[in-house]
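Before any comments, here is the structure.
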Amino acid sequence: MELNLKGLEELGSVENLRLPAFAVATMQAEGRENPRWIHVGPGNLFRAYVARVADDLIARGEHWPIVAVAPRDPGDMDVQLGDHDLMSLKVTLNPDGTREERVVAGISEALAVAREADYRRLVEVARNPGVALMSFTITEKGYVITDSAGDLQPEVTSGLAEAPGSQEAAAAHAMLLTVGLLWERFNAVRDSGKPAPLTLLSFDNFSHNGDKLRESVLTIVSKWLEQGAVPREFADWIGDEGNVAFPITVIDKITPRPSPAVAADLADRGFTDMEVTTPRRTPLAGFVNTEPTEYLIIEDKFAGERPAWEGLGVDVVARETCDDFENMKVTTCLNPLHTALAVAGCLLHFPTIDSEMRDPALAALVRELGEREAMPVVVDPGIVKPEEFLQEVLEVRFPNRYLPDDPARIAMDTSQKLPIRFGVTLKKYRERGLDLGALHAIPFVFALWLRYLTGLDDNGAPLEISSDPLGPELQAHFQGVALGENDDAEARLAPLLAREDIFGIDLTETPLAAKVTDFYKEMMSAPGAIRATVDKEFHK
């Protein structure tokens, strides 16, 4: 059996497989005729959650199909969606070992910016006044626009050399794509004389994502305006949130890379096109394996029409509630714990996050992070109690052995995550007059990460570091380090510990710098020192 439009009838005979409750081909044709929603970055989280929400909306008679957009290399999208007529097989892995399988079909078309015909079609979609949403899952680094000394980062600068809205600019950077499509929409509004409000939603997993999205968009618009590439009216149009809105959101659903074990099980059940392939570094498949838990919290600030999301696993709330949930999840009760396990798991060669939770010392580390060091600054968002959310993370979600997740995946882009996942808590401690010197687990995690940047595992063997925008720059600080040689540790670490852009605050102005340095030195003292230090500090 294959997952495609022709194979849907045969798939109907598969036991316990949930199929779309509508004619998929008809939906896709109607969606191409009347698009409503653009999504940039159709990866695993999108296919397991966002597309599922669109599927459910369509099933209950609401027309919200999604136009999926690959911002750069279309190869991943071709494998995961194109080969399956834009459908995905969602495999929910429950902690008790049971599974739920569902064909998700909320997508009407898939377009790649790198393909000329696709880009022309995307411009046409963006100009359509019926499109009310544009959402993103492009990871934190997809929003990074630097403009120190008036120079944007290289790929953005190269894009600015092209005409606004050109395919060349759009292919250079996701934010250039976004502003280019807004430019096309502005022109369509100006030509027609009719308003066409649009809401931009970041579904990426970092704090105040909507604010960062708006900041990145306005940075590019300002540069284009400075260069005379666009008129002042365009900047004013985007700046009016009655035209273009940027709500903040919080999304929470673990979607690891596709598991070969799940693929093998699907093959045993008769699926012939669900194998895991690795055309490049990232494993790809037509299925998504995921956990049952999910939260999507959206600030109630839309520029125009929005879907009736109620009852579909989406909460539309006041900004304060969204902010409180975000702080609970991103800065205290989940994401910092994930980062701690990711870095420790890489250094100690744990194969999965769940296997780390069966290690008494590592389980105690993240429990201390959440229960003792995070809880003093958590605000109850009202959607779920922080204590209950944290216990679900510690006792159900992370230990789920049926949802294997690679620590190296979670360790990607750690330099971009630390200022939010830990820095926000440190700032709150300082603002509230709490004792930073009493912290134990947080400086230990910082030391683990710095130890990770040495590129040496616990035995002193070379360790491949996960990709990070600051990776080469940071690793340069550790050139020539060797186990047992700690004489220059203070001088080596001090410039890094002072970086507020990484740790949220200047650690050298706090008691934390000495703690981090001492932990780092202890873990660099000899082969096996990381294991010994983790056990000494947390397995009590």
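The structure displayed is predicted, hence computed values, not measured ones. Just so it is clear, the values below take in all heavy atoms, side chains as well, and ignore hydrogens, waters and symmetry mates.
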Name the orientation class of the two ring planes belonging to Phe478 and Tyr520 (parallel below 30°, tilted from 30 to 60°, perpendicular beyond 60°).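 Tilted.
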How are the rings of Trp309 and Phe302 set to each other: parallel, tilted or perpendicular (split at 30° and 60°)?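 Rings of Trp309 and Phe302: tilted, as their planes differ by 30° to 60°.
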Is any side-chain heavy atom of [X] less than 4.5 Å from a side-chain heavy atom of [Y]?
X: Pro381; Y: Cys322; result: no
X: Lys253; Y: Thr290; result: yes
X: Pro336; Y: Val445; result: no
X: Pro399; Y: Arg358; result: no
X: Val424; Y: Val330; result: no
X: Asp324; Y: Asp380; result: no
X: Leu390; Y: Leu337; result: yes
X: Lys329; Y: Asn205; result: yes

Would you say [X]'s side chain and [Y]'s backbone share a donor-acceptor pair under 3.5 angstrom?
X: Asp458; Y: Ile530; result: yes
X: Thr92; Y: Glu291; result: no
X: Ser216; Y: Tyr143; result: yes
X: Asp204; Y: Thr139; result: yes
X: Lys141; Y: Gln416; result: no
X: Asp359; Y: Leu362; result: yes
X: His173; Y: Val144; result: yes
X: Asp252; Y: Tyr295; result: no
X: His84; Y: Leu3; result: yes
X: Asn289; Y: Leu93; result: no

Solution key, residues 53-60 side-chain donor-acceptor pairs under 3.5 Å, sequence neighbours excluded:
| residue | atom | partner | partner atom | Å |
| --- | --- | --- | --- | --- |
| Asp55 | OD1 | Arg102 | NH2 | 3.1 |
| Asp55 | OD2 | Ala105 | N | 2.8 |
| Asp56 | OD1 | Arg102 | NH1 | 3.4 |
| Asp56 | OD1 | Arg102 | NH2 | 2.6 |
| Asp56 | OD2 | Arg52 | NH1 | 2.8 |
| Arg60 | NE | Glu62 | OE2 | 2.9 |
| Arg60 | NH1 | Glu310 | O | 3.4 |
| Arg60 | NH2 | Ala308 | O | 2.2 |
| Arg60 | NH2 | Glu310 | O | 3.3 |

Arg401: what forms a side chain to side chain donor-acceptor pair (under 3.5 Å) with it, not counting sequence neighbours?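 Listed in chain order: nothing, the list is empty.
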Tell me whether the count of non-hydrogen atoms from other residues, nucleotides or ligands lying under 6.0 Å of CD in Glu320 goes above 12.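 No, the 6.0 Å shell around CD holds no more than 12 heavy atoms from other groups.
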Are there over 12 heavy-atom neighbours, none belonging to Lys536, within less than 6.0 Å of that residue's NZ?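 Count over threshold, so yes.
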Between atom [atom1] of [X] and atom [atom2] of [Y], what is the distance when rounded to the nearest 0.5 Å?
X: Ser415; Y: Trp449; atom1: OG; atom2: CH2; result: 5.5 Å
X: Arg47; Y: Leu89; atom1: CZ; atom2: CG; result: 9.5 Å
X: Asp506; Y: Leu426; atom1: CG; atom2: CG; result: 11.5 Å
X: Phe136; Y: Leu200; atom1: CZ; atom2: CG; result: 4.5 Å
X: Asp457; Y: His349; atom1: CG; atom2: NE2; result: 3.5 Å
X: Phe246; Y: Glu215; atom1: CZ; atom2: CD; result: 11.5 Å

Side chain to side chain contact (heavy atoms under 4.5 Å, CB included) partner of Met87, the single match among Leu81, Leu19, Val103: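 Output: one option passes, namely Val103.
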Closest heavy-atom pair and its distance - [X], [Y]:
X: Pro256; Y: Asp405; value: CB-OD1, 3.4 Å
X: Thr352; Y: Asp354; value: OG1-OD1, 2.8 Å
X: Pro247; Y: Asn209; value: O-OD1, 4.4 Å
X: Val396; Y: Pro95; value: CG1-CG, 3.6 Å
X: Val343; Y: Leu448; value: CG1-O, 3.5 Å
X: Gly142; Y: Met175; value: O-CG, 3.6 Å

Go through it in stages, so that I can follow the logic: the residues are Val217 and Leu213, the test is side chain to side chain contact (heavy atoms under 4.5 Å, CB included), and I'd like the CA-CA distance, side-chain angles, deciding distance and then a yes or no. CA-CA 6 Å; Val217 165; Leu213 172 56; 4.2 Å; yes
Under a plain distance cut-off of 3.5 Å, with no hydrogens placed, do Thr414 and Asp468 share a side-chain donor-acceptor pair?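 Absent: no donor and acceptor within the cut-off.
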Taking atom types as modelled, find out whether Arg451 and Thr454 have a side-chain donor-acceptor pair closer than 3.5 angstrom.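 The criterion, which ignores hydrogens and geometry beyond distance, is satisfied for Thr454 and Arg451.
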Using the ring centroid of each side chain, check whether Tyr49 and Phe203 are separated by less than 6.0 Å.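 No - the distance between ring centres of Tyr49 and Phe203 does not fall below the 6.0 Å cut-off.
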Check step by step if side chain to side chain contact (heavy atoms under 4.5 Å, CB included) holds for Val377 and Thr332. CA-CA 8 Å; Val377 296; Thr332 54; 4.2 Å; yes
Between side-chain atoms of residues 431-444 and protein atoms elsewhere (two or more places apart, or another chain), which donor-acceptor pairs fall under 3.5 Å?
| residue | atom | partner | partner atom | Å |
| --- | --- | --- | --- | --- |
| Asp435 | OD1 | Gly437 | N | 2.8 |
| His440 | ND1 | Glu368 | OE2 | 2.8 |
| His440 | NE2 | Glu537 | OE1 | 2.7 |

What do the steps show when you test Arg499 against Leu507 for side chain to side chain contact (heavy atoms under 4.5 Å, CB included), and what is the final call? CA-CA 8 Å; Arg499 290 186 59 167; Leu507 297 182; over 6 Å; no
Checking Met523 against Leu450 for the side chain to side chain contact (heavy atoms under 4.5 Å, CB included) test, could you report, in this order, the C-alpha distance in whole Å, the side-chain angles of both residues, the deciding distance, and whether it holds? CA-CA 10 Å; Met523 289 187 283; Leu450 294 170; over 6 Å; no
